[in-house]
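Read the structure below first, then the notes.
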Amino acid sequence: MVMVAAGLVFGAATPAGAHRGVLPTLHHDGRGTVWLTLAWDDGHPVTEPGLAMLSAGSDAGASVPVTALRPLPHDPATLPLPGALAAGDWTVTVDVAAPGVGYCSVRVHVAAAGIPQSIPCATPAAAATAAPAVPPARGLPSWLIGALAAVAAAGLGAQWSHRRTKRRPALRAAPRRQ
């Protein structure tokens, strides 16, 4: 039982040379449509669905509250902002949570005759100085590791209890006297 749990926990771990973070690139069409694309820090394409949070503030005082960016159904590495930014100068901040960690904070100009831009963001190492570092998800989720550990502990407890009762001599009833 312990070997099975250990195999599940350690066998599913990501190799040490695997991807460490993502490099987000913020795109906008110049007229308010914003989207994010993700690539691994080693240049490999992201093939898993991404999840990021975007917030924005304009120089005029308008804001976009923290909004979840979810991937397009046909492209897991492209995450569009639902809706559009109004005309003006904006500071857009993005925190990528999955499939790895990434950060981006850029300035964009939105106008009726705006100019499209693609702005590559900082590498995870450079972003660590700008935002609190959160280790990228690797291997199994922590709740699953905890559940497997609990199952393994319960299995060990049951096995120990069974062995202990097996060694103990059975109590026999005293013969009845008549």
Side-chain angles (χ1 to χ4, degrees), residues 8-147:
L8 286 173
V9 170
F10 298 113
T14 306
H19 310 294
R20 290 182 306 270
V22 294
L23 295 175
T25 299
L26 187 85
H27 307 272
H28 72 97
D29 66 355
R31 296 183 308 261
T33 300
V34 175
W35 67 98
L36 190 70
T37 56
L38 305 175
W40 288 109
D41 59 354
D42 61 6
H44 288 109
V46 168
T47 57
E48 304 162 56
L51 176 63
M53 304 303 279
L54 178 143
S55 61
S58 77
D59 291 352
S63 66
V64 173
V66 175
T67 304
L69 302 181
R70 301 197 194 299
L72 294 174
H74 63 282
D75 185 358
T78 300
L79 300 97
L81 173 66
L85 299 177
D89 292 310
W90 291 82
T91 299
V92 178
T93 303
V94 176
D95 286 301
V96 181
V101 175
Y103 175 79
C104 189
S105 183
V106 298
R107 298 276 299 163
V108 298
H109 178 72
V110 176
I115 301 169
Q117 284 185 298
S118 292
I119 307 163
C121 298
T123 61
T129 61
V134 177
R138 293 218 196 303
L140 297 174
S142 59
W143 64 267
L144 184 56
I145 292 171

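We number each residue from 1, following the sequence as shown. Side chains are part of it too, since the values below use all heavy atoms of this structure and drop only hydrogens, waters and symmetry mates.
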Taking the side chain as every heavy atom from C-beta outward, state whether Leu26 and Val92 have any pair of such atoms under 4.5 Å apart. yes

Residue list, side-chain contact (heavy atoms from CB on, under 4.5 Å) with Thr67, at least two apart or on another chain: Val64, Leu81, Pro82

Measure the CG-CE distance between Leu69 and Met53 for me, rounded to the nearest 0.5 Å. 8.0 Å

With respect to Val96, which candidate in Val101, Leu51, Leu38 satisfies the side chain to side chain contact (heavy atoms under 4.5 Å, CB included) definition? Leu38

Trp35 side, atom CH2; Leu54 side, atom CG - distance, nearest 0.5 Å: 13.5 Å

Side chain to side chain, Val46 and Val22, heavy atoms closer than 4.5 Å: yes

Once you round to the nearest 0.5 Å, how far does CG of Leu23 lie from OG1 of Thr37? 10.0 Å

Taking the side chain as every heavy atom from C-beta outward, state whether Val34 and Val110 have any atom pair closer than 4.5 Å. no

Nearest 0.5 Å, please: how far is NE2 in His109 from CD1 in Ile115? 8.0 Å

To the nearest 0.5 Å, what is the distance between CG (Leu79) and CZ (Arg70)? 10.0 Å

When you compare the side chain of Thr93 with that of Tyr103, does any pair of heavy atoms fall below 4.5 Å? yes

Tightest non-hydrogen contact, residues Thr91 and Ser105, listed as CG2-OG, 4.0 Å

For the student: nearest non-hydrogen atoms of Gly50 and Pro99, plus distance: CA-CD, 3.8 Å

Taking C-beta and beyond as the side chain, do Pro76 and Glu48 meet within less than 4.5 Å on heavy atoms? no

To the nearest 0.5 Å, how far apart are OG in Ser58 and CG in Leu85? 9.0 Å

